[in-house]
Asks: 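Please find one structure pasted underneath; my questions will follow.
Along the sequence shown, residues carry numbers from 1. Keep in mind that what you see is a predicted model, and the values were worked out from it rather than measured.
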Amino acid sequence: MKTIIIAEAGVNHNGDFETAKKMIIAAKEAGADYVKFQTAVPELVISEFAPQAEYQKENTGVVESQLDMCRKIHLPLSDYKPLSDFCKEIGIGFMSTPFDLTSIDLLAEIGQDYFKIPSGEITNLPYLRKIAEKGTPVILSTGMSTIQEVEEAIQILTGIHPTTPERFKPTLTRDDIIVLHCNTQYPTPYRDINLRAMNTLAKELEVKTGFSDHSLGIEAPIAAVAMGACVIEKHFTLSREMAGPDHKASLEPDELKAMVTSIRHIEEALGDGVKRVTDSERPNIEIARKSIVATRPIKKGELLTEENIYVKRPGNGVSPMLWDKAIGTVAIRDFAPDELIEL
């Protein structure tokens, strides 16, 4: 199964439309399946009293309110339809994560293959219900959450939560939801990645799972694919030297391309699980395997014994698996040293 690779542009365009377009081109050139943005009306998401996260202060070097920071780095809602159109034009999937109810409606109108729910909204009941009402498949990030909170969110999305009102008739099922294991720290320390939790989510919640990675480098997402991830999401930027909260924990375009290439190699290497002789190795059977040979001159009619026969390459003669059958057999002709024995 081909892994869906999402190149997370997020807000790394720093609120500039032309930079966003350059990021779409970079994601396409890297081989990603989707480029994803973050759609929000900052005033509907963040109160004026919300502080920055510590990583945001460290990465921006500016101490200000979270609202002021986000006002500077978000695109206006009117930019997302042109960005979606540009994605179609160059041949890459468009996605954007909504952070408020207005943005949900906008993205539903634009149309996308999946609604991506960010980790911070996993306990937002009105938000989850509105997403569910759209009927579009969901990719759900699970940073900062317990498995019980993830299950509750799934129940809300599928309409089976005890608080679900009668009027609420979602069409989503568990099969429409992909759950991404995630750690919401930028960057995530390797000790906290805990990739095995991805498989725990799959087993305990009976859903498809993937990995949204905020660690440095490309090792963790590649390992996640080897462990069965069906979706990989990874932040990227045009340059880690750019100002903004997420650039320092993002891949640059050449690194994104290396990650995509490695994931495609891993997919191919995983194969179908059937143990067989492959076409590529078949010619080496005769070279690497061995046959029964004479260790010294053997005369016709002489008994074959452990003293006059041995096992050596190549493997195009009598197999050593027939050793017991060969011992005590009469030589059918003369054999020279190292010559393949015939029975």
Asks: Can you tell me if T261 uses its side chain to pair, donor with acceptor, with the backbone of A258 under 3.5 Å?
Replies: no
Asks: How many angstroms lie between atom CG of D85 and atom CG of L83, to the nearest 0.5 angstrom?
Replies: 9.0 Å
Asks: So if you build clusters from Ile, Leu, Val, Met, Phe, Trp, Tyr with side-chain heavy-atom gaps below 4.5 Å, do Y114 and I117 land together?
Replies: no
Asks: Look up atom CG in L128 and atom NE2 in H161, then write down how far apart they are to the nearest 0.5 Å.
Replies: 10.0 Å
Asks: Taking the side chain as everything from C-beta on, heavy atoms only, tell me whether V231 gets closer than 4.5 Å to I6.
Replies: yes
Asks: Linking I/L/V/M/F/W/Y whenever their side-chain heavy atoms sit closer than 4.5 Å, directly or via other members, would F211 and I4 fall into one cluster?
Replies: no
Asks: Backbone N or O of C230 within a donor-acceptor pair of the T209 side chain at under 3.5 Å?
Replies: no
Asks: Do Y34 and D113 have a side chain donor and acceptor closer than 3.5 Å?
Replies: yes
Asks: Given 3.5 Å as the limit, does a donor-acceptor pair link the side chain of E204 with the main chain of L201, or not?
Replies: no
Asks: Indicate the atoms forming the closest heavy-atom contact of E267 with M1, along with that distance.
Replies: OE2-O, 4.0 Å
Asks: Please give me the minimum heavy-atom distance between S47 and L67, naming the atom from each residue.
Replies: O-CB, 4.1 Å
Asks: For the residue pair Y186 and H214, does the interplanar ring angle fall in the parallel (under 30°), tilted (30 to 60°) or perpendicular (over 60°) class?
Replies: tilted
Asks: Measure up the F99 and H74 rings against each other and bin them: parallel (under 30°), tilted (30 to 60°), perpendicular (over 60°).
Replies: perpendicular
Asks: Assess whether side-chain contact (heavy atoms from CB on, under 4.5 Å) is satisfied between L205 and T200, documenting all intermediate values.
Replies: CA-CA 8 Å; L205 303 181; T200 300; over 6 Å; no
Asks: Report yes if some heavy atom in the side chain of F335 is under 4.5 Å from a heavy atom in the side chain of L340; otherwise report no.
Replies: no
Asks: Can K312 and S291 be counted as having a side-chain donor-acceptor contact under 3.5 angstrom?
Replies: no
Asks: Is the closest side-chain heavy-atom distance between L251 and K234 below 4.5 Å?
Replies: yes
Asks: Are I73 and Y80 in one and the same hydrophobic cluster, where Ile, Leu, Val, Met, Phe, Trp and Tyr link if side-chain heavy atoms are under 4.5 Å apart?
Replies: no
Asks: Return the minimal non-hydrogen interatomic distance between P162 and Q155, and the atom names on each side.
Replies: CD-OE1, 3.9 Å
Asks: Under a 4.0 Å N-O cut-off, is there an ion pair linking D33 with R264?
Replies: yes
Asks: Could you state the interatomic distance from CD1 (I298) to CG (N308), rounded to the nearest 0.5 Å?
Replies: 4.0 Å
Asks: Any luck finding a side-chain donor-acceptor pair between S141 and K116 under 3.5 Å?
Replies: yes
Asks: Check this for me: does any side-chain nitrogen of one of R333 and E339 sit under 4.0 Å from a carboxylate oxygen of the other?
Replies: yes
Asks: Can you tell me if NZ on K257 sees more than 12 non-hydrogen neighbours from other groups inside 6.0 Å?
Replies: no
Asks: Looking only at heavy atoms, what is the nearest atom pair of A249 and L216, with distance?
Replies: CA-CD2, 4.2 Å
Asks: Do T184 and C182 have side-chain heavy atoms sitting under 4.5 Å apart?
Replies: yes
Asks: Hey, does I287 have a side-chain heavy atom less than 4.5 Å from the side chain of P314?
Replies: no
Asks: For the pair K300 and I332, evaluate side-chain contact (heavy atoms from CB on, under 4.5 Å) and give the outcome as yes or no after the intermediate values.
Replies: CA-CA 6 Å; K300 180 179 179 180; I332 62 174; over 6 Å; no
Asks: So, are K130 and D105 salt-bridged, with charged N and O less than 4.0 Å apart?
Replies: yes
Asks: Start with the C-alpha distance between R71 and D68, add both sets of side-chain angles, then the distance that settles salt bridge (charged side-chain N to carboxylate O under 4.0 Å, His left out), and finish with yes or no.
Replies: CA-CA 5 Å; R71 281 174 173 150; D68 286 341; 3.2 Å; yes
Asks: Are I92 and I139 connected in the hydrophobic side-chain network, where two residues link if heavy atoms are under 4.5 Å apart?
Replies: no
Asks: Quick one, P82 and F17 - any side-chain contact, counting heavy atoms below 4.5 Å?
Replies: yes
Asks: For the residue pair Y55 and D246, establish whether any side-chain heavy-atom pair is separated by less than 4.5 Å.
Replies: yes
Asks: For R174 and E151: C-alpha separation, side-chain torsions, deciding distance, then whether salt bridge (charged side-chain N to carboxylate O under 4.0 Å, His left out) applies.
Replies: CA-CA 10 Å; R174 283 180 189 262; E151 170 61 24; 2.6 Å; yes
Asks: So do L77 and S103 actually touch side chain to side chain, heavy atoms under 4.5 Å?
Replies: yes
Asks: Do you reckon L180 sits in the same ILVMFWY cluster as F37, going by side-chain contacts under 4.5 Å, direct or chained?
Replies: no
Asks: Would you please test E64 and K57 for salt bridge (charged side-chain N to carboxylate O under 4.0 Å, His left out) and show each step?
Replies: CA-CA 8 Å; E64 58 187 339; K57 295 177 187 176; over 6 Å; no
Asks: For atom CD of E109, decide whether the heavy atoms of other residues, nucleotides or ligands shown that lie under 6.0 angstrom number more than 12.
Replies: no
Asks: Please indicate whether K81 has more than 12 foreign heavy atoms, meaning atoms of other residues, nucleotides or ligands, lying under 6.0 Å from its NZ.
Replies: no
Asks: Keeping the roles fixed (side chain from R129, backbone from L157), state whether a donor-acceptor pair exists under 3.5 Å.
Replies: no
Asks: What heavy-atom pair brings S119 and G143 nearest, and what distance separates the two atoms?
Replies: OG-N, 2.8 Å
Asks: Does R240 pair with E255 as a salt bridge, N-O distance under 4.0 Å?
Replies: yes
Asks: Taking T146's backbone N and O only, do any of them form a donor-acceptor pair with E149's side chain (distance below 3.5 Å, no angle check)?
Replies: yes
Asks: Is a side-chain donor or acceptor of D176 paired with a backbone partner of T173 at a separation under 3.5 angstrom?
Replies: yes
Asks: Could you go step by step and tell me if E306 and W323 meet the side-chain contact (heavy atoms from CB on, under 4.5 Å) rule?
Replies: CA-CA 9 Å; E306 292 187 358; W323 179 264; 3.9 Å; yes
Asks: Any side-chain donor paired with an acceptor under 3.5 Å for N12 and S250?
Replies: yes
Asks: We want to know whether S84 and Q112 form a side-chain donor-acceptor pair, criterion being a heavy-atom distance below 3.5 angstrom.
Replies: no
Asks: Could you tell me the separation between the CG atom of D213 and the CE atom of M259, rounded to the nearest 0.5 Å?
Replies: 8.5 Å
Asks: Going from NZ on K325 to CG on L304, what distance comes out if it is rounded to the nearest 0.5 angstrom?
Replies: 12.5 Å
Asks: For the pair Q38 and E8, evaluate side-chain contact (heavy atoms from CB on, under 4.5 Å) and give the outcome as yes or no after the intermediate values.
Replies: CA-CA 9 Å; Q38 295 176 8; E8 170 67 277; 4.0 Å; yes
Asks: Any side-chain to backbone donor/acceptor pair from E121 onto P118? Under 3.5 Å, distance only.
Replies: no
Asks: Ignoring hydrogens and angles, state whether a donor on the side chain of H247 or N14 is under 3.5 Å from an acceptor on the partner side chain.
Replies: yes
Asks: Verify salt bridge (charged side-chain N to carboxylate O under 4.0 Å, His left out) between K299 and E302, making sure each step is shown before the conclusion.
Replies: CA-CA 6 Å; K299 295 295 184 182; E302 186 179 345; over 6 Å; no
Asks: Distance alone, cut at 3.5 Å: any donor-acceptor contact between the side chains of T39 and S96?
Replies: yes
Asks: Identify the heavy atoms of A197 and H181 that sit nearest to each other, and give their distance.
Replies: CB-CE1, 3.6 Å
Asks: Once rounded to the nearest 0.5 Å, what's the spacing between atom CD1 of I292 and atom OG of S319?
Replies: 7.0 Å
Asks: Closer than 3.5 angstrom, by distance alone: can the side chain of T136 be matched with the main-chain N or O of F115 as a donor-acceptor pair?
Replies: no
